[in-house]
Amino acid sequence: PDNFSQSAIGYLPVNLREREKEFRGALDWYFGNYKIISVAQLDGAEINSNNFKIEIEVDGCRQVILLRRFKSLQAKELIDFYLGLLVELKNSGALVSQLVKTKKGELFKETVDGPQAVFQFINSNHFKANLKSFAAVARAIGGIHRVFNCLSADFTQKIDELNSLNSAVYFNKIKSYTPADFKKIEVIIQERGRQSEEEELFLAELPFIKNLIKEVKDRLADLEPLPRQIIHSDLHPHNVLMVKDEVAAIIDFDAVRISQQARDAAFALYRFGRQFFVSAPRTENEIKRCARQLK
């Protein structure tokens with residue numbers, strides 16, 4: 001299990017009396033006659049953004065929104081592209097979040113707390129391993145790919161341009177590894193002397209890893225005939241919002257790349273499939289049978 005294994009989404013209350021001015025600094029750009037009822041922050045490992053569930057009253061009607069405060073992504077050009085892509089996906093029928101534009105029609109707003117965007121809140125949880133939800137995720141990914149393939153060439157060209165920025169976090173190119181890379185790691189660990197439990201496990205698995213790399217390299221030619229298309233590139237259980245066993249939205253498109261869509265499918269199979277193994281103890285034979293079924 002890792003920090004993506006939990007399906008329940010929790011929120012921690014925010015002291016509105018102390019921080020109301022902070023949130024008004026963002027929401028004033030979106031709403032006119034409104035009142036903040038409550039604010040809660042996502043209770044989880046937020047690496048690239050901070051997310052707040054905010055209940056407001058607008059002209060006497062209550063609604064719930066999600067305020068996303070970007071952390072790693074600060075460049076206006078990248079944020080504008082990411083959010084514009086999201087709007088295009090939503091308009092094309094893809095299962096993604098609904099962006100709320102500012103009163104002036106802007107996709108996001110620069111504030112003293114950094115760039116922030118507002119979405120309609122989706123009352124949901126993350127992926128929980130069962131075959132019905134797994135099939136729903138597969139269908140949703142297929143739907144995203146179909147919409148990707150109908151986008152204009154401008155989007156593909158822009159992603160290629162953004163790839164050239166070589167950002168360490170967003171739009172980074174897919175890395176390639178060789179057995180020599182892992183040999184270097186092996187030497188570093190061995191020269192260090194006493195190994196940690198994780199390092200001992202790594203060394204024990206090293207022959208398997210080297211064989212796996214060789215197998216991947218031998219199969220790379222099979223990928224060459226496949227078209228290079230837009231992919232999400234980060235399809236894991238916490239980037240999917242589920243209502244019961246159905247997908248409400250796929251989120252976090254700010255790492256889209258150009259590659260083979262089979263790569264998206266393979267990565268998703270690994271990340272969602274592993275939840276079947278961490279969610280319940282299984283014998284080796286049960287694991288093998290389940291793995292074949294998932295594949």
Side-chain angles (χ1 to χ4, degrees), residues 3-4 6 9-59 61-90 96-124 126 158 162 165-172 232 234 236 238-241 248-256:
N3 61 337
F4 294 100
Q6 297 298 318
I9 300 178
Y11 292 87
L12 299 174
V14 171
N15 190 320
L16 187 56
R17 180 176 297 179
E18 294 179 357
R19 300 179 63 181
E20 182 171 5
K21 183 178 179 181
E22 169 191 336
F23 293 104
R24 282 193 169 277
L27 299 186
D28 282 351
W29 295 99
Y30 290 85
F31 307 101
N33 182 25
Y34 76 98
K35 175 184 177 183
I36 301 178
I37 307 299
S38 65
V39 179
Q41 184 169 359
L42 184 71
D43 181 18
E46 297 189 290
I47 300 172
N48 297 320
S49 64
N50 291 132
N51 295 275
F52 299 90
K53 174 185 177 182
I54 305 179
E55 184 179 6
I56 60 175
E57 187 177 286
V58 183
D59 295 326
C61 297
R62 291 200 178 194
Q63 59 178 282
V64 183
I65 59 172
L66 183 88
L67 177 69
R68 182 178 190 188
R69 185 175 294 165
F70 294 92
K71 290 167 57 181
S72 301
L73 189 60
Q74 294 288 317
K76 293 181 181 180
E77 181 186 16
L78 295 182
I79 298 175
D80 196 59
F81 172 80
Y82 151 61
L83 294 176
L85 173 63
L86 198 63
V87 170
E88 187 71 19
L89 291 173
K90 186 69 175 179
V96 298
S97 302
Q98 176 69 58
L99 182 75
V100 177
K101 295 182 181 180
T102 69
K103 289 183 285 187
K104 293 184 178 180
E106 300 159 305
L107 301 181
F108 72 101
K109 197 64 192 177
E110 281 277 1
T111 72
V112 293
D113 296 304
Q116 306 190 52
V118 172
F119 300 87
Q120 290 182 4
F121 182 78
I122 300 175
N123 188 21
S124 58
H126 293 307
K158 188 65 176 178
L162 295 172
L165 298 178
N166 289 323
S167 167
V169 180
Y170 294 91
F171 304 100
N172 51 316
H232 182 286
D234 198 21
H236 61 68
H238 280 198
N239 276 344
V240 172
L241 302 180
I250 293 178
I251 61 175
D252 281 4
F253 285 81
D254 33 352
V256 290

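Please read all numbers here as calculations on a predicted model, not as lab measurements.
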State the CG-CD distance between Leu67 and Glu22, to the nearest 0.5 angstrom.
9.0 Å
If I take atom OH from residue Tyr11 and atom CD1 from residue Ile54, how far apart are they, to the nearest 0.5 angstrom?
11.0 Å
Of all residues at least two apart in sequence or in a different chain, which pass the ring-ring contact (aromatic ring centres under 6.0 Å, His included) check with Phe23?
Phe52
Would you say that more than 12 heavy atoms from the other residues, nucleotides or ligands in this model lie under 6.0 Å from the NZ of Lys71, or not?
yes
In this structure, are over 12 heavy atoms from other groups packed under 6.0 Å from Gln6 atom CD?
no
Gap separating the CG atom of Asp252 from the CG atom of Leu86, nearest 0.5 angstrom
9.5 Å
Contact check, side chains of Asn50 and Gln41, non-hydrogen atoms, under 4.5 Å:
yes
Only counting residues at least two apart or in another chain, list the ones meeting ring-ring contact (aromatic ring centres under 6.0 Å, His included) with Phe108.
none
Can you sort out the partners of Lys53 under salt bridge (Lys or Arg N to Asp or Glu O under 4.0 Å), two or more places apart, ordered by chain and number?
none
Spacing of Gln63 atom CD and Ile37 atom CD1 [to the nearest 0.5 Å]:
11.0 Å
Any residue meeting salt bridge (Lys or Arg N to Asp or Glu O under 4.0 Å) with Asp234, in chain and number order, not counting sequence neighbours:
none
Donor-acceptor contacts under 3.5 Å from residues 113-120 side chains, at least two apart:
residue: Gln116; atom: OE1; partner: Arg69; partner atom: NE; Å: 3.4
residue: Gln116; atom: NE2; partner: Thr111; partner atom: OG1; Å: 2.7

Once salt bridge (Lys or Arg N to Asp or Glu O under 4.0 Å) is applied, do any residues pair with Glu110, and if so which ones, sequence neighbours excluded?
none
Any salt bridge (Lys or Arg N to Asp or Glu O under 4.0 Å) pairs touching residues 28-44, not counting sequence neighbours?
Arg24-Asp28
Taking C-beta and beyond as the side chain, do Asp254 and Leu78 meet within less than 4.5 Å on heavy atoms?
no
Sub-4.5 Å side-chain heavy-atom contact between Glu77 and Lys158
yes
Look at atom NZ of Lys90 and say whether more than 12 heavy atoms of other residues, nucleotides or ligands are closer to it than 6.0 Å.
yes
The side chain to side chain donor-acceptor pair (under 3.5 Å) partners of Ser97 (sequence neighbours excluded) come to none
With sequence neighbours left out, the residues meeting side chain to side chain donor-acceptor pair (under 3.5 Å) with Asn51 are Glu46, Ser49
Please enumerate all residues that pass side chain to side chain donor-acceptor pair (under 3.5 Å) together with Arg17, with sequence neighbours excluded.
none
Where is the tightest heavy-atom contact between Tyr30 and Lys103, given as atom of each residue plus distance?
O-CG, 3.3 Å
Do Leu42 and Leu66 have side chains that get closer than 4.5 Å, going by heavy atoms?
no
What distance separates Asn15 CG from Glu20 CD, expressed to the nearest 0.5 Å?
10.5 Å
Shortest non-hydrogen contact from Ser124 toward Leu241:
OG-CB, 3.5 Å
Taking side chain to side chain donor-acceptor pair (under 3.5 Å) as the test, write out the residues that go with Asp59, two or more places apart.
Asn33
Measuring only between side-chain heavy atoms, which start at C-beta, is Ser38 closer than 4.5 Å to Leu16?
no
Please test Ile65 against Phe31 for side-chain contact (heavy atoms from CB on, under 4.5 Å), starting from the C-alpha separation and ending with a verdict.
CA-CA 12 Å; Ile65 59 172; Phe31 307 101; 3.9 Å; yes
Report yes if some heavy atom in the side chain of Ile36 is under 4.5 Å from a heavy atom in the side chain of Arg19; otherwise report no.
no
Checking His238 now: which residues fulfil ring-ring contact (aromatic ring centres under 6.0 Å, His included) with it, not counting sequence neighbours?
Phe4, His126
Report the C-alpha distance between Phe81 and Val256 in whole Å, list the side-chain angles of each, state the deciding distance to 0.1 Å, and finish with yes or no for side-chain contact (heavy atoms from CB on, under 4.5 Å).
CA-CA 11 Å; Phe81 172 80; Val256 290; 4.2 Å; yes
So, do His232 and Phe253 sit near enough that their side-chain heavy atoms are less than 4.5 Å apart?
yes
